[in-house]
A.B. asks: 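Take this structure first; my questions come after.
Quick note: numbers below take in every heavy atom, side chains included, and nothing from hydrogens, waters or symmetry partners. Convention: sequence-line order gives letters A, B, ...; per-chain numbering from 1.
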2 protein chains.
Amino acid sequence: MDGSSDWFRTTPAHPLVRKFRNLGIDRDEDLQPLVQAIKVKRKVVRGRDVLRTGRCPAQSTVLLRGVACWYRTMANGRRQIYSFQYAGDFCDLHRYVLPDSYDAVAAQTDCVIGTVPHEDITQIIGRHPKLALALWRATILDAGIVRERLRNMQRPALARIANLLCEQMVRLEAVGGDALVIPIRQLDLADASGLSVVHMNRTIQDLRRLGVLSDQSRAIEILHKDRLVNIGQFDGGYLDGRELLSHSM
Amino acid sequence: MDGSSDWFRTTPAHPLVRKFRNLGIDRDEDLQPLVQAIKVKRKVVRGRDVLRTGRCPAQSTVLLRGVACWYRTMANGRRQIYSFQYAGDFCDLHRYVLPDSYDAVAAQTDCVIGTVPHEDITQIIGRHPKLALALWRATILDAGIVRERLRNMQRPALARIANLLCEQMVRLEAVGGDALVIPIRQLDLADASGLSVVHMNRTIQDLRRLGVLSDQSRAIEILHKDRLVNIGQFDGGYLDGRELLSHSM
DNA sequence: CGCATCATTGAAGCCCTTCAAGACTTGTGG
DNA sequence: CCACAAGTCTTGAAGGGCTTCAATGATGCG
């Protein structure tokens, strides 16, 4: 990656640093034990599975670059996408705690992933209470995202899609990408929002006609953030660990 | 409660014992630190909130008896019920890790609840690694339930409702109640499945006409478990911590 | 008994789905 | 450099599942 195999360890913008700031780990040295436990790094090309349904390996996976989606297939073959994942997110940390073999993660764009052996996580948890709590928090934050997706199902298509796009926009911003172009196909947005591809397409065009999305290309490009937020009744509080941590009495 | 205020500590059928067996705590003495940390017990009558949206208190709540629902209100006033909760379930353990003030829990039947101060949880986690992991597992199991509810939204009404009823049936069985009568109003089932009350009612009557539910009363009484499981494409694996724990390599 | 709550039923209509086909974009090989 | 194929987006038409509104039964409780 970028010539140096240690890019992810030496760069100050390590995706895990940002992620764990959001989880309450402010000092980079506190994060070191975890960063150093990331063992194998490899690429996964767009469309392939990062991890599959089946027996759970004794390791968890971190997304270091790219966009992925966490999903499970239905009996009829369709997918329900639980959430999208960005650089710094764990793909399957919940499997460290409770191995379940139902769901899978697929690469939405070309990805770079790392793996952390579960025995290393066990050691980290035993020795570093702060990191232990942060890891727990990471799974809780994921759960909050899924709950918002469930809540989103109550909304009609226009608001539902707007809301989904808002979340991706905010999370893209957080990882420093171009947050205005959403790098996700309409098919995948459909699988994430429980709508048919056809209706997804029609509704996206409604958003274009409203001037919220650009109609200059087939890409999903956000022109008016605030109108999108408004249409989608979006409140990103559930994404912001820092803000959530300040809520306690 | 039942004359003795220590009923929940002295009975062998303490709801937490069953719950934590499912989470990997087999020996009752391992559970003692947590059981003894349950401080205040009180009743909550049907319809009232067990806990509310707003500032997070420095404690978490355990459901000791009854049925509750974990929900969040939408902008239009409707509720999205994330999941139902039964004796032994934590209502808001996730708030220990990440205080969020959005959601609430309401009593579906008369309930008895206990509270555990967060500082006690912190001590338990520091001193008892097994319990720490089990608590984490509890939140992961909850998250799995919510994911199944999200997946369920892809199904048409008949299968969706059947699936929802199956989950409640299995979880009721686990707490030793009468698992064949689901103690939940149609309105709440509607809020949990994203359907209108009217359509919920019509579909329940379809299930009655199919002979899957009893048509002898207005209660939701299951006559044919296996047919219900079949219609709802239900696989309760995600509820069974013991089975999930056996999946690791 | 009267009132509140919940279940039930009917009618009208829209949101969304499915099926099917065409257009645009991209990449690949001759 | 063009032809072709694969993938994705787009559009049309028909239909059904579900919603909303509104009103009528049941049940239980003070």
A.B. asks: Reckon A/Arg218 touches a base, only the sugar-phosphate, or nothing at all at heavy-atom distances under 4.0 Å?
C.D. replies: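 Base, at least one base atom sits under 4.0 Å.
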A.B. asks: Taking the side chain of A/Asn201 as heavy atoms from C-beta outward, which of D/dT8, D/dT19, D/dT10 is closest to it?
C.D. replies: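 From the listed options, D/dT10 comes nearest.
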A.B. asks: Starting from P on D/dT10, measure out to CG on A/Leu213 and report it in whole angstrom.
C.D. replies: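 The answer, rounded to whole Å, is 11 Å.
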A.B. asks: Roughly how many Å is it from CZ in B/Arg46 to C1' in D/dT27, rounded to a whole number?
C.D. replies: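 B/Arg46 atom CZ is separated from D/dT27 atom C1' by 12 Å.
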A.B. asks: Quick one, B/Asp110 with B/Lys43, criterion salt bridge (charged side-chain N to carboxylate O under 4.0 Å, His left out). Give me CA distance, side-chain angles, the key distance, then yes/no.
C.D. replies: CA-CA 7 Å; B/Asp110 289 350; B/Lys43 289 189 177 183; over 6 Å; no
A.B. asks: Tell me the interatomic distance from A/Leu189, atom CG, to D/dT8, atom P, rounded to whole angstroms.
C.D. replies: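 For the pair A/Leu189 CG and D/dT8 P, the rounded distance is 13 Å.
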A.B. asks: Given B/Leu158 and B/Leu210, is the side chain to side chain contact (heavy atoms under 4.5 Å, CB included) satisfied, shown in steps?
C.D. replies: CA-CA 11 Å; B/Leu158 191 76; B/Leu210 288 169; 4.2 Å; yes
A.B. asks: Classify the nucleic acid contact of B/Arg160 as base, sugar-phosphate or nothing, counting any heavy atom under 4.0 Å across all strands shown.
C.D. replies: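 Touches nothing.
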A.B. asks: Does the side chain to side chain contact (heavy atoms under 4.5 Å, CB included) test come out yes or no for B/Leu244 and A/Tyr102, once each step is laid out?
C.D. replies: CA-CA 10 Å; B/Leu244 293 173; A/Tyr102 302 123; 4.0 Å; yes
A.B. asks: If each of A/Arg78 and B/Ile204 is mapped to the nucleotide of DNA chain C with the nearest heavy atom, which maps nearer the 5' terminus, i.e. the 5' end?
C.D. replies: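 Checking each residue's closest nucleotide, the 5'-ward one belongs to B/Ile204.
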A.B. asks: At 4.0 Å (heavy atoms only), tell me whether B/Gly47 reaches a base, stays on the sugar-phosphate, or touches nothing.
C.D. replies: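 No contact.
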A.B. asks: Where the side chain of B/Val198 is concerned, which of D/dT8, D/dT20, D/dT10 is the nearest nucleotide?
C.D. replies: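 That would be D/dT20.
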A.B. asks: Check every atom of C/dT17, D/dC9, D/dT20 against the side chain of A/His199 and return the nucleotide holding the closest atom.
C.D. replies: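 The answer is C/dT17, which lies nearest to the side chain.
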A.B. asks: Rounded to the nearest angstrom, tell me the gap between atom CZ in B/Arg155 and atom P in C/dT17.
C.D. replies: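 Value for this atom pair: 17 Å.
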A.B. asks: Using whole Å, what does the distance between atom P of nucleotide C/dT8 and atom CZ of B/Arg185 come to?
C.D. replies: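 My rounded result for the distance is 14 Å.
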A.B. asks: Under 3.5 Å, side-chain donor or acceptor atoms of residues 139-154 of chain A against the rest of the protein: list the pairs with distances, not counting sequence neighbours.
C.D. replies:
from	atom 1	to	atom 2	distance (Å)
A/Thr139	OG1	A/Trp136	O	2.6
A/Thr139	OG1	B/Trp136	NE1	3.0
A/Arg147	NH2	B/Asp100	OD2	3.3
A/Glu148	OE2	A/Arg151	NE	3.2
A/Glu148	OE2	B/Arg72	NH1	2.9
A/Arg149	NE	A/Glu167	OE1	3.2
A/Arg149	NH1	A/Asn163	OD1	3.4
A/Arg149	NH2	A/Asn163	OD1	3.1
A/Arg149	NH2	A/Glu167	OE1	2.9
A/Arg149	NH2	A/Tyr238	OH	3.2
A/Arg151	NH1	B/Thr73	O	2.7
A/Asn152	OD1	A/Arg155	NH1	2.8
A/Asn152	ND2	A/Arg160	O	3.0
A/Gln154	OE1	B/Arg78	NH1	3.4
A/Gln154	NE2	B/Arg79	O	3.1

A.B. asks: Please give, in whole Å, the distance from D/dT10 P to A/Arg209 CZ?
C.D. replies: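 Those two atoms, CZ and P, are 11 Å apart.
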A.B. asks: Could you check which of C/dG10, D/dT8, C/dT18 has an atom nearest any side-chain atom of A/Arg202?
C.D. replies: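 Between C/dG10, D/dT8, C/dT18, the one nearest the side chain of A/Arg202 would be C/dT18.
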A.B. asks: With the side chain of A/Gln186 defined as its heavy atoms from C-beta on, choose the nearest nucleotide among C/dA7, D/dC9, D/dC18.
C.D. replies: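 My answer, after comparing the listed nucleotides, is D/dC9.
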A.B. asks: Base, sugar-phosphate, or nothing for A/Leu195, non-hydrogen atoms under 4.0 angstrom?
C.D. replies: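 Sugar-phosphate, no base atom in range.
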A.B. asks: Without decimals, in angstroms, what is the distance between A/Leu158 CG and C/dC16 C1'?
C.D. replies: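 Checked: the CG to C1' distance equals 14 Å.
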A.B. asks: Does B/Thr109 have any side-chain contact (heavy atoms from CB on, under 4.5 Å) partners at least two apart in sequence or in another chain, and if so, which?
C.D. replies: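 By the side-chain contact (heavy atoms from CB on, under 4.5 Å) rule, B/Thr109 matches B/Val67, B/Cys111, B/Pro183.
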A.B. asks: Return the value, rounded to whole Å, for the distance between atom CD1 of B/Ile161 and atom C1' of D/dG17.
C.D. replies: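 To the nearest whole Å, that distance equals 12 Å.
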A.B. asks: I want to check one thing: is the phosphate of D/dT10, taken as OP1 and OP2, less than 4.0 Å away from some side-chain N or O of A/Arg208?
C.D. replies: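 A/Arg208 to D/dT10 OP1/OP2: side-chain N or O found under 4.0 Å.
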